[in-house]
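Below: one structure, written as structure tokens.
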Amino acid sequence: MKKIFKTILAASLATLCTASCEKFLDAESPSTFDAPTVFSNYDLTESTIFSILQSLGETNNYRGRFLSWIGLNSDIEWYNTYKPDDEKYQIAGYSQSSNNGQLNLNNGPFAKMYEAVERANLCIDGIRNYGNPEENANMAYLLGEVLTLRAMIYYDLTRAWGDVPARFEATTSTTIYKAKENRDVIYKQLLSDLEEAIEYLPYPGATATTSRTDRVNKMFAQGLYARIALMASGYAQRPDDDMIGTGDLGSNRLSSDPELAASVLYPKALAYLKAAIESSTASLEDFETLWINQSNHNNLAAGPGHEPIYVIPFSDGRGRWNYCFAVRSEGSSYAGGATVTRGGDAGPVPTMWFKYDKDDVRRDVSCVNWRWNSDDEQELPGIQRWYFGKYRFEWMTKNPYTGGNDDGIKPVVLRYADILLMAAEIANELGDLNAAKSYFLQVRERAFKGHEEKAESYVESISGKDAMFNAIVDERAFEFCGEMTRKFDLIRWGLLKEKMDQAKAEMRELRSLTGRFANVNMLGGDVYYQLDGDKVVIYGFNGEAVKPAGAWEKKSEYFTKIVDSKGADTGLYDALINGIYSRDPEQYMFWPIYDDTLTNSQGIIKNDYGY
């Protein structure tokens, strides 16, 4: 174990994930010390935690593979390219195999996440044995931080793969090969760990460390507890309890463990969320400003007056968030003077913009139907192609994107709006409709800035538990479009395929301007647009029935065009719509464990769910 420990500590010297690492990189290599020396010293212990984050920033882990694909596809977000033979599309379209070239890697997310888990296990063991956290508040904070980070990583492992090996102690020669464990065992360990961590952690802004969103705080641990409770008590594809790791197809069902029933988990989860809200250490911000700050690297402040609670702590030269998801640039040169062809890998489904109320400020921030061209001008790509307007290269003024493989954007893991909406959902399930409405209204009023009376009237009209649940299902779509959480909401609600089928039907209605889109009069298939500063104003999407006066550019056949003059598919053609999934998303909601891992497990790990 000592050899493993020293190897892990030496690897921590490569840590480049957080600005906080500057202090660490000036320190003597902790690999020259033994465990008692390291874990009785705050700075050296902190350095080992940075090594956990270093694993997340590896090329093919969170940075370049996991975050790029884990949330796709859903009823509100999809991969913007339909190519059945493209391995990237196959990941998003529920049709990948265990030899997928994007993820079947010996340094892919599965291996690197377990590397991070191993580092966390060593750190937890070291702090407990040598850090005296019972009497040293600073060491207790570090123990709470690493317990929370391990919980976050395991939450992501189970989101991606379902049942996975449970490793909560440092690896030894006798435990190097482990089969998959029932995920319920993992959930209970994570919830227990977070209960402990919450006791050690200060709220956002309470200390210098927790005044940064790239360090763990109490509210993040409380919110993560609620997320795991919601997932553990919800629906998912599960093998029979005694069939895990046998190739079982499984079924979409709730856990059979009574300790994970909603009636058991929800009261404690709600208590944590209420404590977070009552702490007044986070708040909602202006919606557009929130995302401008995120692209401009200004989302590191945590505490009263700030909405982001925790972000993935990539350095300013690491990460691929805008690189993948920003409004598309087709060879424009506005970013740092470099020619950029990036962004737009995924976007909102074409119906999403039309579902927002016209007075909802989230609509034009979340759903963008234009891109930059090589003349540094905005152009409309067509009704089939939308982008996430929350992420924009032109907002990156502090560290302009210059066309490399990394952009430095720190993706938001949890923000205060999610605390409020989880509290609303759980309060509603526990029968407190008035409390649910009060949490819900705060999010809705921010969305209807300048039209708050519409938000109040809407919430007042919600008449019961079922109506409140349906409102929350819709509101989470409007609030979190582009943040890649929707797929997992639908899974735990048991609505994944139902809502994706609904999205397919609605896209056909949009194409033909029938059903709920019958009032979107597109002036014979045309729309008009003009620039307002760096924004694009589109005329025709709100049901206008006459050609606008003034200087407008015309975009013809915006809806009606299905094939171009050469017979190629374009617009909302049937194969594109059907391609939102290629195989049953309920059967294949989880990724397969990949061949490289299966081979290296000496046959101990096996796939389920039909892979």
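Side-chain atoms are counted along with the backbone in the values below, which use heavy atoms only and exclude waters and symmetry mates. These figures come from a predicted structure and were not determined experimentally.
Aromatic ring centres of Y401 and F393 lie closer together than 6.0 Å. Taking the six-membered ring for Trp and the full ring otherwise, the centers of F220 and Y310 sit less than 6.0 Å from each other. Annotation: Y200 is not in aromatic contact with Y141 [ring centroid separation under 6.0 Å not met]. Here Y529 and W370 keep their ring centres 6.0 angstrom or further from each other. The six-membered or imidazole ring of Y154 lies near that of F168, with a centre-to-centre distance under 6.0 Å. Not less than 6.0 angstrom separates the ring centroid of Y594 from the ring centroid of F110.
A salt bridge links K112 with E115: the distance from a Lys NZ or Arg NE/NH1/NH2 to an Asp or Glu carboxylate oxygen falls below 4.0 Å. D75 has a carboxylate O that lies under 4.0 Å from a charged side-chain N of R486, or vice versa, which qualifies the two as a salt bridge. Between R212 and D214 a salt bridge is recorded (basic side-chain N to carboxylate O distance below 4.0 Å). The residues E58 and R63 are annotated as not salt-bridged, no charged nitrogen and carboxylate oxygen being separated by less than 4.0 angstrom. With salt bridges taken as basic N to acidic carboxylate O contacts below 4.0 Å, none links R446 and D286. Ion pairing between a basic and an acidic side chain is recognised when a charged N comes within 4.0 Å of a carboxylate O; E288 and K390 show no such pairing. Salt-bridge formation is detected for the pair R150/D193: a Lys NZ or Arg NE/NH1/NH2 atom is positioned less than 4.0 Å from an Asp or Glu carboxylate oxygen. At a threshold of 4.0 Å, the pair D407-R318 does not count as salt-bridged, since none of the basic side-chain nitrogens sits closer than that to a carboxylate oxygen. Between R167 and E118, none of the side-chain N atoms (NZ, or NE/NH1/NH2) sits under 4.0 Å from a carboxylate O, so this pair counts as no salt bridge.
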Review point. How far apart are the C-alpha atoms of R119 and S55, what are their side-chain angles, what is the distance that settles it, and do they pass the side-chain hydrogen bond (donor to acceptor under 3.5 Å, both in side chains) test?
Key: CA-CA 9 Å; R119 294 177 177 185; S55 291; 3.2 Å; yes
**Study point:** Verdict with reasoning, Y203 to Q222, per side-chain hydrogen bond (donor to acceptor under 3.5 Å, both in side chains)
**Key:** CA-CA 10 Å; Y203 273 114; Q222 291 168 325; 3.0 Å; yes
Point to revise | Evaluation steps, side-chain hydrogen bond (donor to acceptor under 3.5 Å, both in side chains), between T45 and T48 | key: CA-CA 5 Å; T45 303; T48 68; 5.6 Å; no
**Study point:** Test log, rule ring-ring contact (aromatic ring centres under 6.0 Å, His included), inputs W386 and F325
**Key:** CA-CA 11 Å; W386 291 73; F325 300 130; over 10 Å; no
Practice item. Could you give me the CA-CA distance, side-chain angles and deciding distance for D364 and W353, then say whether side-chain hydrogen bond (donor to acceptor under 3.5 Å, both in side chains) is met? Key: CA-CA 8 Å; D364 294 339; W353 186 92; 2.9 Å; yes
Exercise for review: Verify ring-ring contact (aromatic ring centres under 6.0 Å, His included) between Y94 and Y581, making sure each step is shown before the conclusion.
Suggested key: CA-CA 6 Å; Y94 301 86; Y581 63 79; 7.0 Å; no
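A cation-pi contact, defined as under 6.0 Å to the ring centre and within 45° of the axis, is absent between R362 and F478. Both tests pass for R159 against the ring of F488: distance under 6.0 Å to the centre and angle within 45° of the axis. For K410 and F314, the positive end is not near the middle of the six-membered ring at less than 6.0 Å and at most 45° from its axis.
I409 is not listed as a side-chain neighbour of Y391, based on a closest heavy-atom distance of 4.5 Å or more. Within the 4.5 Å cutoff, the side chain of M113 has heavy atoms near those of the N61 side chain. Contact of the Q378 side chain with the R371 side chain is not registered, since no non-hydrogen atoms from C-beta on lie closer than 4.5 Å.
In this structure, a donor-acceptor pair under 3.5 Å is present between the side chains of N60 and N107. Between D345 and Y323, the side chains place no donor N or O within less than 3.5 Å of an acceptor N or O (distance only, hydrogens not considered). In the model, S329 has a side-chain atom that pairs as donor or acceptor with a side-chain atom of S332 under 3.5 Å. Defined by atom type and a distance below 3.5 Å, a donor-acceptor pair is present between the side-chain atoms of E394 and W372.
When every heavy atom of P350 is checked against every heavy atom of W78, the shortest pair comes out as CD-CZ2, 3.5 Å. Among all heavy-atom pairs drawn from I186 and P165, the shortest one is CD1-O, 4.2 Å. When all heavy atoms of K487 and I70 are compared, the closest pair comes out as NZ-O, 3.4 Å. Listed here is the closest heavy atom pair of N322 and S295: ND2-OG, 3.2 Å. Taking both residues in full, the closest heavy atoms of A170 and N121 are given as N-CB, 3.8 Å, listed atom of the first, atom of the second, then distance.
Distance check, rounded to the nearest 0.5 Å: OG of S68 to OH of Y79 gives 10.0 Å.
C123 pairs in a side-chain contact (heavy atoms from CB on, under 4.5 Å) with only one of the listed residues (L149, L147, V146), which is V146.
Counted within 6.0 Å of NZ on K355, heavy atoms from surrounding residues, nucleotides or ligands total more than 12; the atom is thus considered enclosed.
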